[in-house]
Amino acid sequence: MRLLMQHMNDIADMRDVAVHAAKRAGALLRDSFGGRREISYKGEINLVTEMDRLSEKTIVSEISSAFPGHSIVAEEGANIENGSGYLWVIDPLDGTTNYAHGYPQFAVSIGLEYAGNIVLGIVYDPLREELFTAMRGNGAQLNGTTISVSRTSDLIRSLLATGFPYDRANCKENNLDYFNAMIMVSQEIRRNGSAALDLCNVAAGRLDGYWELKLRPWDVAAGSLIVREAGGTVSDLSGQRFSIRDELIIASNGFIHQQIIDALRRTGDSEPSTK
Ligand code: IPD
Ligand code: CA
Ligand code: CA
């Protein structure tokens, strides 16, 4: 019991550092939002800006100086391997395409994995000043207030979200078949352009469900814990427990989860495998 309490206290200290880092990076993103961007391309439509890199540098330097023994992986290249068992999984700017266009939907996402579980999730939306937090076993909060998923129980009454992979033009597993099927059996589908915020919006009961293919661990590490801690369900296509390294994520309020799985499985898209 004492050990468990100590572990929770340690994670709470880590949360405070991560919140500070997310808010600092978020403020930088907010201050430069709408200005001219230096854009380079990782693929034909997959872009990166100087602000992705500055945000990552800010977060990584705060976390690595507070916890020099911890491992870190972040989207724009930070990769520190240490033996502590703690792995920080960071998306310094989720919603880069939105950000580069001045479209106001983006966030900073910081997850922490320990012994194979995500134990801490922080997502910060600097424009709305919304801070989503979750510690494993401790519920999910928005700006300190507990949040929970919606109670919608029919898919046809559900507001969903999804996204499309950057290789959509060259690969059949591009989510279009899934989208075509789901738009017929749900109330509406949104494509907001930030997986981390889509997950947080499921957690806050603003969306009833969400699915997406080919995301990376930093897109979903924090948000998947926030959904679970808000009482929702996160799984792969078989309904099994989701890993941040899976190729398909389904997150929902739980009530419509099986209906989403059934609808996706009825479509012609080939099923992506676990990486
Ligand atoms: C992207 C966003 C988007 C999702 C993409 C992600 P990025 O992350 O989360 O909503 O559809 O697949 O890669 O590139 O803006 O960090
Ligand atoms: Ca991302
Ligand atoms: Ca990113």
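We're numbering straight along the sequence, starting at 1. Read the numbers this way: they start at 1 and go in the same order the structure lists the ligands and their atoms.
The N, O or S atom of D94 lying closest to the Ca ion (ligand 2) is OD1. Taking the N/O/S atoms of D219 in turn, the shortest distance to the Ca ion (ligand 2) belongs to OD1. When you scan the N, O or S atoms of E75 for the one nearest the Ca ion (ligand 3), you land on OE1.
Ranking protein heavy atoms by distance to atom 12 (O) of ligand 1, first place goes to E212 OE2, 3.2 Å. Looking at atom 3 (C) of ligand 1, its nearest protein heavy atom turns out to be G193 O, 3.5 Å. Scanning all protein heavy atoms for the shortest distance to atom 13 (O) of ligand 1 gives Y166 CE1, 3.4 Å.
Residue D91 counts as close to the Ca ion (ligand 2), with an N, O or S atom under 3.0 Å. Taking backbone and side chain together, L93 holds an N, O or S atom under 3.0 Å from the Ca ion (ligand 3).
Contact annotation for R191 and ligand 1: only side-chain heavy atoms (C-beta onward) come within less than 4.0 Å of the ligand. Residue A195 touches ligand 1 through backbone and side chain together, judged by heavy-atom distances below 4.0 Å. Contacts between F106 and ligand 1 below 4.0 angstrom, taking non-hydrogen atoms only, are absent altogether. When heavy-atom distances to ligand 1 are checked against a 4.0 Å cut-off, D91 comes that close only through its side chain, counted from C-beta outward.
With no hydrogens or angles considered, a side-chain donor-acceptor pair links H257 and S235 at under 3.5 Å. A donor atom on one side chain and an acceptor atom on the other are not found under 3.5 Å apart for D94 and S109.
Residue contacts with ligand 1 leave out P165, since none of its heavy atoms falls under 4.0 Å from the ligand. Residue K214 places no heavy atom under 4.0 Å from ligand 1. In this structure, L93 has a heavy atom closer than 4.0 Å to ligand 1. Residue W218 places no heavy atom under 4.0 Å from ligand 1.
The T96 neighbourhood of ligand 1 comprises atoms 15 (O), with distances under 4.0 Å to a heavy atom of that residue. Listed by number with element, the atoms of ligand 1 under 4.0 angstrom from any heavy atom of S194 are 9 (O), 10 (O). Of all atoms in ligand 1, numbered sequentially from 1 with element shown, those under 4.0 Å from a heavy atom of E75 are 16 (O). Here is the list of ligand 1 atoms found below 4.0 Å of a heavy atom in G95: 7 (P), 15 (O), 16 (O).
To the nearest 0.5 Å, atom CZ of residue R266 and atom CE of residue M182 are 9.0 Å apart.
Counting all heavy atoms, side chain and backbone alike, L159 lies closest to R206 at CD2-O, 3.8 Å. Across T162 and E212, no two heavy atoms sit closer than the pair C-OE1, 3.9 Å. Residue S55 comes nearest to P92 through the heavy atom pair OG-O, 2.7 Å, listed as atom of the first residue, atom of the second, then distance.
Close N/O approach between G163 and ligand 1 is not found [any backbone or side-chain N/O within under 3.5 Å].
Note: Y99 and F33 meet the aromatic proximity criterion, with ring centroids under 6.0 Å apart.
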Side chain to side chain donor-acceptor pair (under 3.5 Å) evaluation trace for R168 with N174: CA-CA 5 Å; R168 68 190 71 143; N174 59 10; over 6 Å; no

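Ring geometry, Y114 versus H7: the interplanar angle falls from 30° to 60°, so the pair is classed tilted.
Atom CZ of R157 sits in a sparse spot, with 12 or fewer heavy atoms from other residues, nucleotides or ligands closer than 6.0 Å.
Ranked by closest heavy atom to atom 8 (O) of ligand 1, the top entry among N46, D94, D52 is D94.
With salt bridges taken as basic N to acidic carboxylate O contacts below 4.0 Å, none links E75 and R216.
Taking D167 as the reference, K214 meet the salt bridge (charged side-chain N to carboxylate O under 4.0 Å, His left out) condition, with sequence neighbours excluded.
The backbone N or O of L237 sits less than 3.5 Å from a side-chain atom of R265, completing a donor-acceptor pair.
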